[in-house]
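Structure first, commentary second.
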Amino acid sequence: MTEQYAPTAADVGRMYDQSTSLLSEVMGGNIHLGYWRDGDDDASVEQATDTLTDMVAERLALSPGARILDIGCGSGKPAVRIAGTWDVHVTGITISAQQAQTAGARPEVGEGNGQVSFLQADGMDLPFPDAHFDRVYAIESFLHMSDRATAVAEAARVLRPGGTLVAANPYQQGELTPHEAEIVADNRKLFEIPPIGDADEYAGHMAKAGLEIVEMLDIGENVRRSHTVAAALIRQAQGAGGSAFSEELSRAADIIERFGELPQIGYGLIVARRP
């Protein structure tokens, strides 16, 4: 696979159609990495992934009654947690038909405060009018988009003046050896990811979209444990299918673990405001 490999939205959708159930089981009901304070933090995977959700929500500076957009809603758990905790309404979109169906079956679905709604849509072509939402967040979803500049511009377009965008994403910091580049390439292929990019790339897209950067926080060391934990839990699931399925899971676990060990892989929370 070359550095220029760029999966389509359909590729990403198919990947999550096939993997959402397993990833959700492994990551405590969420489909994103978890945050641990330090090496002594004994939080469970569910607690750690919920903590990352809360860190995103806190940076949105939410008020009751606000209308929020979740770009890449996954299982729907983050949207439900944010809506219920902060008494807001969250609309979640996902490119995966399976995720939209699973999230849409949640009992919290509705149009009131503390409720959620979900639909299948492309983050690079949002089906909403300009300035439609008070806040927007994207947890590990811009990562998958082949045209991130357009994705960020779309997020800015649907954000009301004075509103906040929070993006959480892994990114690359520093050069890779050929062997390390191969590890990254394997992970990109596994999860249908274009070239990963760095923090400045995301910040540049936000500035071009007319957003003002408020905070850039690297929490790479706090989320790194997620890869080791996920790999171990995936290996535990190997016996659930036939030998071919088991071999596929074993390889996926190895890829995830090796990727998480790379010091050049950081993870950023980027907060931007629309003037």
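What's counted below: heavy atoms across the whole structure, side chains too, no hydrogens, waters or symmetry copies. Fair warning: this is a prediction, and the values are worked out from it, not measured in the lab.
Here CD1 of Ile31 is found 11.0 Å from NZ of Lys77. Values are rounded to the nearest 0.5 Å. The structure places CG of Leu269 at 6.0 Å from CG of Leu52, a figure rounded to the nearest 0.5 Å. If you take CH2 on Trp86 and CZ on Arg135, they are separated by 13.0 Å, rounding to the nearest 0.5 Å. In this structure, Phe191 CZ and Glu140 CD are separated by 10.0 Å, a value rounded to the nearest 0.5 Å. Atom CG of residue Leu159 and atom CG of residue Leu126 lie 11.5 Å apart, to the nearest 0.5 angstrom. The NZ atom of Lys189 sits 11.0 Å away from the CD1 atom of Ile255 when rounded to the nearest 0.5 Å.
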* **Derivation of the side chain to side chain contact (heavy atoms under 4.5 Å, CB included) call for Leu119 and Thr91** => CA-CA 8 Å; Leu119 69 154; Thr91 299; 3.8 Å; yes
* Asked: Which is it for Leu249 and Leu22 under the side chain to side chain contact (heavy atoms under 4.5 Å, CB included) test, yes or no, and what are the steps along the way?
  -> CA-CA 10 Å; Leu249 284 183; Leu22 176 62; 3.5 Å; yes
* To do: Dump the intermediate steps for side chain to side chain contact (heavy atoms under 4.5 Å, CB included) on Leu190 and Phe259, then the final yes or no.
  => CA-CA 11 Å; Leu190 179 65; Phe259 180 78; over 6 Å; no
* Give the intermediate values and the outcome of side chain to side chain contact (heavy atoms under 4.5 Å, CB included) for residues His227 and Asn187. => CA-CA 11 Å; His227 300 88; Asn187 190 77; 5.8 Å; no
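Among His144, Gln99, Gln98, the one residue that satisfies the side chain to side chain donor-acceptor pair (under 3.5 Å) test with Tyr16 is His144.
Closest non-hydrogen pair, Ala209 versus Ala153, comes out as CB-CA, 3.9 Å. Contact record, Met206 with Ala272: SD-CB, 3.8 Å, taken as the closest heavy-atom pair. Nearest heavy-atom pair, Pro263 versus Gln173, reported as atom, atom and distance to 0.1 Å: O-NE2, 3.7 Å. Across every non-hydrogen atom of Met15 and Ser19, the tightest pair is O-OG, 2.8 Å. The two residues Ala199 and Ile270 have their closest heavy-atom pair at O-CD1, 4.2 Å. What you find for Ala9 and Asp122 is that their closest heavy atoms are CB-OD2, 3.7 Å.
A donor-acceptor pair under 3.5 Å is formed between the side chain of Asp198 and the backbone N or O of Asp200. For the pair Ser226 (side chain) and Val223 (backbone), a donor-acceptor distance under 3.5 Å is present. Checked by atom type and distance alone, the side chain of Arg224 never pairs as donor or acceptor with a backbone atom of Glu261 at under 3.5 Å. Here the side chain of Gln120 pairs no donor or acceptor atom with the backbone of Ser96 at under 3.5 angstrom. Checked by atom type and distance alone, the side chain of Arg225 pairs as donor or acceptor with a backbone atom of Asp38 at under 3.5 Å. Without hydrogens or angle criteria, Gln172 side chain to Gly174 main chain gives a donor-acceptor distance under 3.5 Å. Looking only at distances, a side-chain donor or acceptor of Trp36 sits under 3.5 Å from a matching main-chain atom of Ala43. A donor-acceptor contact shorter than 3.5 Å is absent between the side chain of Arg273 and the backbone of Glu212. Although no hydrogens or angles enter the test, the distance criterion places a donor-acceptor pair under 3.5 Å between the side chain of Thr49 and the main chain of Met27.
A donor-acceptor contact closer than 3.5 angstrom links the side chains of Asp11 and Thr8. Side-chain polar atoms of Tyr171 and Asp218 form a donor-acceptor pair below 3.5 angstrom.
There is no path of hydrophobic side-chain contacts, each under 4.5 Å, that joins Ile93 to Val56. Cluster annotation: Ile234 and Ile183 are assigned to the same hydrophobic cluster (Ile/Leu/Val/Met/Phe/Trp/Tyr, side-chain heavy-atom contacts under 4.5 Å, transitive). Linking Ile, Leu, Val, Met, Phe, Trp and Tyr whenever their side-chain heavy atoms come within less than 4.5 Å leaves Tyr137 and Ile95 in two separate clusters. A single hydrophobic cluster is seen to contain both Leu143 and Met216, as judged by linkage of ILVMFWY side chains at heavy-atom distances under 4.5 Å, directly or through other members. Hydrophobic cluster membership is shared by Tyr35 and Ile82, with clusters built from Ile, Leu, Val, Met, Phe, Trp and Tyr side chains linked at under 4.5 angstrom.
For the pair Arg67/Asn113, a side-chain contact is recorded, criterion being any heavy-atom separation below 4.5 Å from C-beta on. A heavy-atom distance below 4.5 Å is not found between the side chains of Asn222 and Asp41. With contacts defined as side-chain heavy-atom distances shorter than 4.5 Å, the pair Val88/Val90 qualifies. Side-chain contact between Met124 and Ser146 is present, with heavy atoms from C-beta onward closer than 4.5 Å. Residues Asp186 and Arg251 have side chains in contact (heavy-atom distance under 4.5 Å, counting atoms from C-beta outward). Contact annotation: the side chain of Leu176 approaches that of Val184 to within less than 4.5 Å [non-hydrogen atoms, C-beta and beyond]. Two residues are said to be in side-chain contact when any heavy atoms from C-beta on lie closer than 4.5 Å; Arg188 and Pro195 meet this criterion. Side chains of Phe133 and Ile68 form no contact here, defined as non-hydrogen atoms less than 4.5 Å apart.
Residue Glu58 qualifies as enclosed at atom CD: its count of foreign heavy atoms under 6.0 Å is above 12. The 12-atom threshold is not exceeded at CD of Gln101, counting heavy atoms of other residues, nucleotides or ligands nearer than 6.0 Å.
The residues Arg157 and Glu154 are annotated as salt-bridged, a charged nitrogen and a carboxylate oxygen being separated by less than 4.0 angstrom. A salt bridge links Arg160 with Asp134: the closest approach of a Lys/Arg side-chain nitrogen to an acidic carboxylate oxygen falls below 4.0 angstrom.
Between Tyr202 and His205, the ring-plane angle classifies as perpendicular under the 30° and 60° cut-offs.
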